[in-house]
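For reference, the structure is listed below as structure tokens.
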Amino acid sequence: RAQQKLAVQDAFDSETRFTRFVHGMDVRPYQRLSAEGVFDADHQFLLDNVVQHGQVGFYVWTPLRLEGSNAAILINRGWFPLGPTRGDIPPIEVDERPREISGLLDRLPEPGLRLSGSGLSAEWPRVAVYPRIDELRAVLDYPLYDYLLLLDAGADDGFVRDWRPQLLPPRRHVGYAVQWFAFATAVLALFLILSFKRES
């Protein structure tokens, strides 16, 4: 597992060139992609309970209606902090002019434990708590790809963008492995000692 996480981290750090998105193309985690289209400003999502630097806030997910297609890609435009109340939503409006978007490809985040029920609020912008892609598709009237683009830090119309892979550090996996091997060795030693005593 540590080797897998190192490979993902390397992919995140090493990508430098943007590839134009084409329908049906093979994509890989943290690939740099660019796409042309218009933002759907009327149908945005706010991913709730995102913590940055010890403060709770939201990610803003805005569908990009792709040029020459009826499908869309979700663009993560970044993070903003929670206001005095959850009803205080900062301005997230964005114009719908044609534009080129570039960013890192990412998957929808997954919770450690998913509760039953819909992960979306009823009103736009819809507050989301780890929604599944089918929940997002169900409230839109066009196809939606099952991944995100993390908006490039230099692009306009974004919020705080401090992108990093959502991974446990590889050394922590190594630490867990050492702990489990030590535990297994201790159990085996205890078993052999008790077996020897019973035979004596």
Side-chain angles (χ1 to χ4, degrees), residues 5-21 25 27-67 71-84 86 88-112 119-121 124-131 133 136 140 144-170:
K5 297 302 175 66
L6 281 172
V8 172
Q9 182 70 59
D10 287 344
F12 184 89
D13 294 335
S14 64
E15 285 285 345
T16 58
R17 184 174 59 86
F18 287 100
T19 301
R20 181 62 60 89
F21 176 79
M25 69 182 292
V27 295
R28 61 183 181 275
Y30 302 117
Q31 181 177 0
R32 293 187 182 272
L33 295 177
S34 64
E36 294 184 3
V38 296
F39 278 134
D40 183 358
D42 294 329
H43 301 97
Q44 302 192 68
F45 303 94
L46 301 176
L47 183 66
D48 200 357
N49 293 323
V50 179
V51 178
Q52 291 211 7
H53 307 296
Q55 188 171 8
V56 178
F58 300 90
Y59 275 145
V60 181
W61 292 354
T62 308
L64 181 75
R65 304 290 302 270
L66 295 169
E67 183 182 76
I73 296 178
L74 277 176
I75 309 298
N76 188 338
R77 295 202 286 134
W79 176 90
F80 67 81
L82 183 67
R86 288 193 172 273
D88 294 325
I89 303 299
I92 62 172
E93 292 81 8
V94 63
D95 67 73
E96 297 186 345
R97 61 179 170 83
R99 65 180 72 208
E100 182 175 7
I101 294 296
S102 57
L104 287 169
L105 183 140
D106 197 9
R107 297 294 177 182
L108 269 65
E110 287 285 341
L120 297 176
S121 65
W124 296 104
R126 294 191 182 238
V127 178
V129 182
Y130 292 107
I133 188 62
L136 304 180
L140 299 171
L144 185 66
Y145 287 97
D146 63 348
Y147 40 77
L148 299 163
L149 275 187
L150 308 178
L151 184 64
D152 192 64
D156 296 332
D157 297 314
F159 302 91
V160 177
R161 282 156 284 174
D162 182 18
W163 306 130
R164 62 192 64 190
Q166 301 299 311
L167 303 171
L168 283 174

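Position 1 is the first residue of the sequence; numbering continues from there.
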Enter the distance from [X]:[atom1] to [Y]:[atom2] here, rounded to the nearest 0.5 Å.
X      : Y      : atom1 : atom2 : result
Leu105 : Leu33  : CG    : CG    : 5.5 Å
Asp106 : Gln31  : CG    : CD    : 12.5 Å
Thr19  : Arg28  : OG1   : CZ    : 6.5 Å
Ile73  : Leu149 : CD1   : CG    : 5.0 Å
Phe58  : Leu47  : CZ    : CG    : 9.5 Å
Arg107 : Asp146 : CZ    : CG    : 5.0 Å

Which heavy-atom pair separates [X] from [Y] by the least distance, and what is that distance?
X      : Y      : result
Ser34  : Arg20  : OG-NE, 3.3 Å
Leu46  : Pro125 : CD1-CG, 4.0 Å
Gly103 : Phe18  : N-CE2, 3.5 Å
Leu148 : Pro109 : CD1-CD, 4.3 Å
Asn76  : Trp61  : ND2-NE1, 3.5 Å
Gly78  : Phe159 : C-CB, 3.9 Å

Side-chain heavy atoms of Leu74 within contact of Tyr145, under 4.5 Å: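 Sidechains of Tyr145 and Leu74: no contact.
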Asp162 side chain reached by Trp79 side chain, heavy atoms, under 4.5 Å: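 A side-chain contact is absent here, since even the closest heavy-atom pair is not under 4.5 Å.
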With [X] via side chain to side chain donor-acceptor pair (under 3.5 Å) - residues at least two apart:
X     : result
Glu96 : none
Asp95 : Arg97, Arg99
Glu93 : none

Is there a donor-acceptor pair under 3.5 Å between the side chain of [X] and the backbone N or O of [Y]?
X      : Y      : value
Trp163 : Asp152 : no
Gln55  : Gln52  : no
Arg77  : Asp157 : yes
Arg32  : Tyr30  : no

Verdict with reasoning, Val127 to Leu120, per side-chain contact (heavy atoms from CB on, under 4.5 Å): CA-CA 6 Å; Val127 178; Leu120 297 176; over 6 Å; no
Test side-chain contact (heavy atoms from CB on, under 4.5 Å) applied to Leu136 and Leu108, step by step: CA-CA 11 Å; Leu136 304 180; Leu108 269 65; 3.8 Å; yes
Val160/Phe80 under side-chain contact (heavy atoms from CB on, under 4.5 Å): CA gap, chis, key distance, verdict: CA-CA 6 Å; Val160 177; Phe80 67 81; over 6 Å; no
Derivation of the side-chain contact (heavy atoms from CB on, under 4.5 Å) call for Phe45 and Leu140: CA-CA 11 Å; Phe45 303 94; Leu140 299 171; 4.3 Å; yes
